[in-house]
Amino acid sequence: MKPFNFNRRVWAALKLIPRGRVTTYKELAKYLGKSKVARAVGNACGLNPYAPKVPCHRVVKSDGSLGGYSGGGKKKIDLLEKEGVKIDRGKIKDFRDKLYKFK
DNA sequence: ACGGTGACGCTCA
DNA sequence: TTGAGCGCCACCG
(Lines give C-alpha, C1' and ligand atoms only; values in the text may rest on other atoms or scores of the structure.)
Protein backbone atom coordinates (compact mmCIF):
# COMPACT_ATOMS: atom_id res chain seq x y z
CA MET A 1 0.00 0.00 0.00
CA LYS A 2 1.09 3.51 -0.65
CA PRO A 3 1.00 6.56 1.58
CA PHE A 4 -1.83 9.04 1.41
CA ASN A 5 -2.01 9.79 -2.25
CA PHE A 6 -4.19 12.45 -3.69
CA ASN A 7 -6.82 9.90 -4.55
CA ARG A 8 -6.86 8.42 -1.07
CA ARG A 9 -7.50 11.89 0.25
CA VAL A 10 -10.44 12.36 -2.10
CA TRP A 11 -12.03 9.07 -1.07
CA ALA A 12 -11.60 9.99 2.58
CA ALA A 13 -13.38 13.28 2.00
CA LEU A 14 -16.24 11.53 0.22
CA LYS A 15 -16.73 9.32 3.21
CA LEU A 16 -17.22 12.45 5.30
CA ILE A 17 -20.29 13.38 3.32
CA PRO A 18 -23.42 12.70 5.40
CA ARG A 19 -26.37 10.85 3.90
CA GLY A 20 -28.86 12.98 2.02
CA ARG A 21 -26.17 15.51 1.22
CA VAL A 22 -24.00 16.09 -1.84
CA THR A 23 -20.76 17.87 -2.61
CA THR A 24 -19.12 19.30 -5.69
CA TYR A 25 -15.76 18.55 -7.21
CA LYS A 26 -14.79 22.14 -6.61
CA GLU A 27 -15.57 22.07 -2.91
CA LEU A 28 -13.75 18.80 -2.66
CA ALA A 29 -10.76 20.24 -4.44
CA LYS A 30 -10.82 23.24 -2.16
CA TYR A 31 -10.85 20.96 0.84
CA LEU A 32 -7.75 19.29 -0.52
CA GLY A 33 -6.10 22.66 -0.76
CA LYS A 34 -6.44 23.38 -4.48
CA SER A 35 -9.57 24.70 -6.13
CA LYS A 36 -8.42 23.65 -9.56
CA VAL A 37 -7.98 19.96 -8.98
CA ALA A 38 -11.60 19.24 -9.77
CA ARG A 39 -10.44 17.15 -12.73
CA ALA A 40 -8.05 15.20 -10.61
CA VAL A 41 -10.87 14.62 -8.14
CA GLY A 42 -13.05 13.21 -10.87
CA ASN A 43 -10.17 11.03 -11.92
CA ALA A 44 -9.75 9.83 -8.37
CA CYS A 45 -13.39 8.77 -8.19
CA GLY A 46 -13.03 6.89 -11.45
CA LEU A 47 -9.96 5.10 -10.19
CA ASN A 48 -11.57 4.61 -6.82
CA PRO A 49 -11.31 0.87 -6.14
CA TYR A 50 -13.51 1.30 -3.09
CA ALA A 51 -16.62 1.92 -5.18
CA PRO A 52 -19.18 0.77 -2.57
CA LYS A 53 -17.05 2.05 0.27
CA VAL A 54 -16.78 5.53 -1.15
CA PRO A 55 -20.04 7.39 -1.94
CA CYS A 56 -18.71 8.83 -5.18
CA HIS A 57 -22.31 9.12 -6.30
CA ARG A 58 -22.70 11.95 -3.79
CA VAL A 59 -20.26 14.03 -5.74
CA VAL A 60 -21.74 16.27 -8.42
CA LYS A 61 -20.67 19.12 -10.62
CA SER A 62 -20.78 22.75 -9.53
CA ASP A 63 -23.85 23.35 -11.70
CA GLY A 64 -25.78 20.73 -9.81
CA SER A 65 -25.60 18.16 -12.59
CA LEU A 66 -24.68 14.61 -11.65
CA GLY A 67 -21.66 14.73 -13.90
CA GLY A 68 -20.88 11.13 -14.70
CA TYR A 69 -20.86 7.74 -13.15
CA SER A 70 -18.85 4.59 -13.87
CA GLY A 71 -21.72 2.20 -13.48
CA GLY A 72 -24.75 3.80 -15.03
CA GLY A 73 -26.25 7.20 -14.38
CA LYS A 74 -29.65 5.68 -13.59
CA LYS A 75 -28.32 3.83 -10.59
CA LYS A 76 -26.73 6.99 -9.30
CA ILE A 77 -29.95 8.95 -9.59
CA ASP A 78 -31.97 6.26 -7.87
CA LEU A 79 -29.42 6.02 -5.11
CA LEU A 80 -29.35 9.75 -4.53
CA GLU A 81 -33.14 9.93 -4.47
CA LYS A 82 -33.14 7.19 -1.89
CA GLU A 83 -30.82 9.29 0.22
CA GLY A 84 -33.21 12.21 -0.01
CA VAL A 85 -31.60 14.07 -2.91
CA LYS A 86 -34.23 14.71 -5.57
CA ILE A 87 -33.08 14.87 -9.16
CA ASP A 88 -34.85 16.84 -11.85
CA ARG A 89 -33.91 16.55 -15.50
CA GLY A 90 -30.51 15.21 -14.49
CA LYS A 91 -29.94 18.11 -12.12
CA ILE A 92 -30.22 18.10 -8.37
CA LYS A 93 -33.27 19.82 -6.91
CA ASP A 94 -32.41 22.36 -4.22
CA PHE A 95 -28.85 21.44 -5.01
CA ARG A 96 -27.65 24.57 -3.24
CA ASP A 97 -29.47 23.55 -0.06
CA LYS A 98 -28.20 19.97 -0.17
CA LEU A 99 -24.66 20.99 -0.95
CA TYR A 100 -22.34 19.85 1.81
CA LYS A 101 -19.17 21.79 2.58
CA PHE A 102 -16.10 20.45 4.31
CA LYS A 103 -14.28 22.07 7.21
C1' DA B 1 10.53 10.96 -19.00
C1' DC B 2 6.72 12.46 -22.27
C1' DG B 3 2.17 12.89 -24.09
C1' DG B 4 -2.73 12.06 -24.04
C1' DT B 5 -6.93 11.66 -21.57
C1' DG B 6 -10.58 12.71 -18.13
C1' DA B 7 -16.80 11.40 -13.48
C1' DC B 8 -14.27 19.59 -14.10
C1' DG B 9 -14.28 24.86 -13.60
C1' DC B 10 -14.28 29.41 -15.22
C1' DT B 11 -14.48 33.03 -18.80
C1' DC B 12 -15.87 34.82 -23.22
C1' DA B 13 -19.10 35.27 -27.28
C1' DT C 1 -29.35 31.66 -21.12
C1' DT C 2 -26.74 28.45 -23.83
C1' DG C 3 -22.55 27.02 -26.31
C1' DA C 4 -17.57 26.85 -27.11
C1' DG C 5 -12.67 27.37 -25.66
C1' DC C 6 -8.87 27.40 -22.42
C1' DG C 7 -6.61 25.99 -18.07
C1' DC C 8 -6.05 23.17 -14.06
C1' DC C 9 -4.09 18.59 -11.71
C1' DA C 10 -3.47 13.61 -11.45
C1' DC C 11 -3.24 8.98 -13.54
C1' DC C 12 -2.11 5.67 -17.37
C1' DG C 13 0.32 3.88 -21.60
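In what follows, every chain begins at residue 1, and chains take the letters A, B, ... in the order their sequences are listed. These values consider heavy atoms only, across backbone and side chains, with no hydrogens, waters or symmetry-generated copies. Everything numeric in this text was worked out from a predicted model, so none of it was measured.
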Minimum heavy-atom separation for [X] to [Y], with atom names?
| X | Y | result |
| --- | --- | --- |
| A/K61 | A/F95 | O-CZ, 3.8 Å |
| A/K76 | A/C56 | NZ-O, 4.3 Å |
| A/A38 | A/A29 | N-CB, 3.9 Å |
| A/L28 | A/A13 | CD1-CB, 3.2 Å |

From [atom1] of [X] over to [atom2] of [N], roughly how many Å is that when rounded to an integer?
| X | N | atom1 | atom2 | answer |
| --- | --- | --- | --- | --- |
| A/Y25 | B/dC10 | OH | C1' | 17 Å |
| A/E27 | B/dG9 | CD | P | 10 Å |
| A/K30 | B/dC10 | NZ | P | 10 Å |
| A/L66 | B/dC8 | CG | P | 11 Å |

I'd like to know if the side chain of [X] and the backbone of [Y] have a donor-acceptor N/O pair within less than 3.5 Å.
| X | Y | value |
| --- | --- | --- |
| A/W11 | A/A44 | yes |
| A/N5 | A/N7 | no |
| A/T23 | A/Y100 | yes |
| A/E27 | A/F102 | no |

Any side-chain heavy-atom pair of A/Y31 and A/L16 under 4.5 Å: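 A side-chain contact exists here, since the closest heavy-atom pair is under 4.5 Å.
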Pair A/R58 + A/E83: basic N to acidic O under 4.0 Å: yes
Of the residues in residues 81-103 of chain A, which ones touch DNA chain B at a heavy-atom distance under 4.0 Å?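 Going residue by residue through residues 81-103 of chain A, none turns out to have a heavy atom under 4.0 Å of DNA chain B.
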Protein-nucleic acid N or O pairs under 3.5 Å, nucleotides 1-3 of chain B:
none

Distances under 3.5 Å only, N/O to N/O: pair up the protein atoms with those of nucleotides 8-10 of chain C.
unit_1	atom_1	unit_2	atom_2	d
C/dC8	N3	A/R39	NH1	3.1
C/dA10	N3	A/N43	ND2	3.2

